[in-house]
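Chain identifiers are assigned alphabetically (A, B, ...) following the order of the sequence lines, protein sequences preceding nucleic acid strands; residue numbering begins at 1 within each chain.
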There are 2 protein chains.
Amino acid sequence: MAVTRKQTPYHHRGLREALIASGRTLLEEKGLRGFTLRECARRAEVSHAAPAHHFDSINDLLAEIATRGFGELAAAMSAEARRAGTDASARLVGQGLGYMAFAAAHPMLFRLMFNRETDDFETPALAAAAKAARELHFAAVETAIPQATAEVKVRMSDFAWATVHGFITLVLDSQIGAGESSRALKARSLAMLAAMAETVVRSGRVPD
Amino acid sequence: MAVTRKQTPYHHRGLREALIASGRTLLEEKGLRGFTLRECARRAEVSHAAPAHHFDSINDLLAEIATRGFGELAAAMSAEARRAGTDASARLVGQGLGYMAFAAAHPMLFRLMFNRETDDFETPALAAAAKAARELHFAAVETAIPQATAEVKVRMSDFAWATVHGFITLVLDSQIGAGESSRALKARSLAMLAAMAETVVRSGRVPD
DNA sequence: TGCTTAATTTGACAGCAGCAAGATTGGATC
DNA sequence: GATCCAATCTTGCTGCTGTCAAATTAAGCA
């Protein structure tokens, strides 16, 4: 009985990782609506039912991809903040830049991470990864306005995040800067971040 | 030959509108991922192929639903701005409130309107409706800071929109205020809008 | 070696979008 | 009023999809 299957072994061994990888490129190519478990399997050169042994459902795979996305997002934020030096305000801007750069580089992944439509693929790990990114951001705001009250800190953290998230989201959805050069867009982003940081820092100065 | 079909006539007459209506409730119930042309047809008590005569594809129906959504969004913004009175800053806050209220009332529709994944259901009418809402917002910002340069006006329009859009988006995606009472959430929204309006107005006062 | 278990396969089911061909209706024309 | 046409809707297909069940293969361990 000649093994007609190519030289690929029956046991893939690293299928779980392979599926996450192929799933991620597929997501980036086709978007969530074009995302297919069977296509993931095809790209990993494996039968259509193989993924079932590594992921309970298609949502499970999506959750894993999103979870890792949050890890990368946090890393991108940290890296840019570090590059920005020691000034707290500059670090806040840097973190925002990292956030936007990640979203621009992986738009579909970014959408998946936040577009928690019906919560039907919420996972403890996913929730924890999202929370970690949030806390990274909150810490940066806290450092920028150490003397502010806890309530103001929370408020400004919301504010800064909403600004950055809203802007890049609208850009990705072609609502802002459609047809503009990436150079012009970058200038717009920086202006946005500057306005954000200024408002945050000012809130720390005003006694109430 | 007894007519086994119920008393419903062969020609539905208002099928296009019926599909838009059933599609919209379906969307709100199941989200974009659970949205199905056949289920729309079923709810309109019509065969699965009937929609094809009114919409080229499922994306066509979604585009029409999204287009009407933008009309309603603009109406909600205008109504709240009117309620806010004549002060330009208050009107800006009111518009933001209307925006958020619409999104909170129709979260899935709101997501559909903006989640323009692969642009595969972009339509001239949809683009125009989105643009109308944008211009409504820009006009409000312009009125609030009439003496500012054109560039600052654009910048602040982006800024204000990003703030409001980002905040409500994060709330809908359970990233902000998860598990909070709607009362507390409303307070957070108002604080957010106040910070936004203050920044906009200040940008109009500073000479550059 | 043989046995157990994990990993993968094939095959099936129901549901989906879109297409084609037939059935029914409403309205215009004669 | 009768006839024809175009619009509307239905049934039935094709090739997808996710998920399940059963069969097959490989790996690890005694």
Side-chain angles (χ1 to χ4, degrees), chain A residues 1-23 26-27 29-66 112 117-118 120-121 123, chain B residues 1-23 25-27 29-66 112 117-121 123:
Chain A
M1 52 163 96
V3 180
T4 56
R5 198 170 326 295
K6 300 171 286 283
Q7 66 272 40
T8 63
Y10 200 97
H11 276 37
H12 187 291
R13 225 57 178 133
L15 183 53
R16 189 183 159 88
E17 287 303 317
L19 286 170
I20 293 171
S22 69
L26 175 60
L27 175 69
E29 277 176 31
K30 304 287 179 64
L32 185 54
R33 223 167 149 59
F35 185 89
T36 281
L37 202 50
R38 279 167 120 101
E39 178 66 21
C40 290
R42 233 172 273 134
R43 292 182 179 208
E45 292 185 322
V46 114
S47 89
H48 69 262
H53 284 266
H54 298 276
F55 300 97
D56 285 350
S57 71
I58 190 172
N59 285 336
D60 225 44
L61 173 52
L62 288 171
E64 179 63 32
I65 292 174
L112 170 71
E117 285 217 343
T118 46
D120 52 2
F121 70 90
T123 283
Chain B
M1 52 164 99
V3 179
T4 57
R5 198 170 325 297
K6 301 172 286 281
Q7 65 273 39
T8 63
Y10 200 97
H11 278 36
H12 186 291
R13 224 58 177 132
L15 183 52
R16 189 184 160 88
E17 288 301 319
L19 286 171
I20 293 170
S22 69
T25 65
L26 175 59
L27 175 69
E29 278 176 30
K30 304 287 179 65
L32 185 53
R33 222 167 149 60
F35 185 89
T36 280
L37 203 50
R38 280 165 119 98
E39 179 64 22
C40 291
R42 230 171 276 132
R43 291 181 180 209
E45 292 185 321
V46 115
S47 89
H48 69 261
H53 286 267
H54 298 275
F55 300 97
D56 286 350
S57 70
I58 190 172
N59 284 337
D60 225 43
L61 173 53
L62 288 171
E64 178 65 30
I65 292 174
L112 170 71
E117 285 219 341
T118 48
D119 285 349
D120 52 3
F121 69 89
T123 284

Whole angstrom is fine here: how far is it from CG in A:L62 over to C1' in D:dG18?
12 Å
I need the CD-C1' distance between B:E45 and D:dC9, as an integer number of Å.
14 Å
Starting at atom NZ of B:K30, determine the distance to atom C1' of C:dC16, rounded to an integer number of angstrom.
14 Å
Check the pair A:F55 / A:L37 against side-chain contact (heavy atoms from CB on, under 4.5 Å), numbers first and verdict last.
CA-CA 10 Å; A:F55 300 97; A:L37 202 50; over 6 Å; no
Tell me the interatomic distance from B:R16, atom CZ, to D:dA7, atom C1', rounded to whole angstroms.
15 Å
Could you go through the side-chain contact (heavy atoms from CB on, under 4.5 Å) check for B:T25 and B:R43 one step at a time?
CA-CA 10 Å; B:T25 65; B:R43 291 181 180 209; 3.7 Å; yes
Euclidean distance, atom CD of residue B:E39 to atom P of C:dG18 [Å, nearest integer]
16 Å
Counting the atoms with a prime plus P, OP1 and OP2 as sugar-phosphate, which does A:S47 contact under 4.0 Å by heavy atoms, base, sugar-phosphate, or nothing?
base
Atom-to-atom span, CG of A:L19 to P of C:dA7 - whole angstrom:
13 Å
Could you list all N or O pairs between the protein and nucleotides 19-21 of chain D that sit under 3.5 Å apart?
{"from": "D:dT19", "atom 1": "OP2", "to": "A:I58", "atom 2": "N", "distance (Å)": "3.2"}
{"from": "D:dT19", "atom 1": "O4", "to": "A:R38", "atom 2": "NH1", "distance (Å)": "3.2"}

For A:E17, which residues count as a salt bridge (Lys or Arg N to Asp or Glu O under 4.0 Å) partner, sequence neighbours excluded?
A:R68
Look at the side-chain N and O atoms of B:H54 and state whether any lies under 4.0 Å from the OP1 or OP2 oxygen of D:dC9.
yes
Would you mind reading off the distance between B:L61 atom CG and C:dA17 atom P, rounded to a whole angstrom?
10 Å
Below 4.0 angstrom from OP1 or OP2 of D:dT17, is there any side-chain N or O of A:R42?
yes
Indicate yes or no for a side-chain donor-acceptor contact from B:T36 to the backbone of B:R38 under 3.5 Å, with no hydrogens or angles considered.
no
Can you tell me the distance, in whole Å, between the NE2 atom of B:H53 and the C1' atom of C:dA23?
12 Å
Please report the C-alpha distance between A:L112 and A:F121 in whole Å, then the side-chain angles of each, then the deciding distance to 0.1 Å, and finally whether the side-chain contact (heavy atoms from CB on, under 4.5 Å) criterion is met.
CA-CA 11 Å; A:L112 170 71; A:F121 70 90; 3.6 Å; yes
Nearest non-hydrogen partners of B:C40 and B:L26, listed with the distance
SG-CD2, 3.8 Å
Looking at A:E39 and A:K30, is any side-chain nitrogen of the basic one under 4.0 Å from a carboxylate oxygen of the acidic one?
no
